[in-house]
Enquirer: 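First the structure, which I've put down as structure tokens, then a few questions once you've had a look.
First listed ligand is number 1; within each ligand, the first listed atom is number 1.
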Amino acid sequence: MNKITDLSQLTSRQVMQDAPVIPVIVLHDVAHAVPLARALLAGGVRMLEVTLRTPQALACMEAIARDVPEAVVGAGTVRSAQDAQAAAMAGARFVVSPGYTHPVGRACKDLGLPLLPGVASGTEIMMAQEDGFAELKFFPAMQAGGTAMLKAWAGPFGDVSFCPTGGVTLQNAPELLALPNVLCVGGSWLVPADAMAQGDWARITQLARDTLALKKR
Ligand code: 3PG
């Protein structure tokens, strides 16, 4: 996949097309944030979704935004307008949400942040589309129907693109990426908790590198 060079007016589509995989990151220690971002970047992955699941998440985003400017830090697990505002203050440049609500959509528009809203049903896709979002996260993808679901959605929602996330692995990613309505996948397998705890950044770089062999066909 070709790297996009001009990221000054970042769009959801650019977030999805930069690499075949967006890593879903859970950070418990601010000291891990910068080495992790550098390790992923060294492996060719620069769109980094830091989830708002730990008390340290915002400080981690700030550290990455400040110290690793070549990376593009985004906020995941955004569930409210307040989450989106806090993420923007911390330097997030895109937002990913596990579900969709109008207030989250509105907040991201007001903040000028691209949003990948999470959907798992036709109704949710229609709600997100109604608010102008056509690049969506399918979550939890493998638990909610995986490839078969994406193929079924391609008919009525042919103008929507997805980033399936949840249960995606290096093994099942190729069949997802082969679908015309899938632009990238998301997953936590690039950032194993034990590798982070051990400071095994080389392993994380290798895991990132492995994902680049996955190609959007
Ligand atoms: C997410 O948080 O978006 C998903 O839970 C990531 O799912 P995974 O851990 O199965 O990759």
Enquirer: Please examine the side chains of V182 and F138, heavy atoms only from C-beta on, and report whether any two atoms are closer than 4.5 Å.
Expert: no
Enquirer: For residues 125-134, which side-chain N or O atoms pair as donor and acceptor with protein atoms under 3.5 Å away, sequence neighbours left out?
Expert:
from, atom 1, to, atom 2, distance (Å)
Q129, NE2, D159, OD1, 3.2
Q129, NE2, D159, OD2, 3.2
D131, OD2, Y100, OH, 2.5
D131, OD2, H102, ND1, 2.5

Enquirer: Got the residues with a heavy atom under 4.0 Å of ligand 1, by chain and number?
Expert: V24, R53, K137, F139, T165, G166, G167, G187, S188
Enquirer: Is a donor on one side and an acceptor on the other found under 3.5 Å between the side chain of T54 and the backbone of L27?
Expert: yes
Enquirer: Please tell me if the side chains of L207 and P192 come closer than 4.5 Å, counting only heavy atoms from C-beta onward.
Expert: yes
Enquirer: Q14 and D18: side-chain donor and acceptor closer than 3.5 Å?
Expert: no
Enquirer: Do other residues, nucleotides or ligands put more than 12 heavy atoms under 6.0 Å from the CZ atom of R38?
Expert: yes
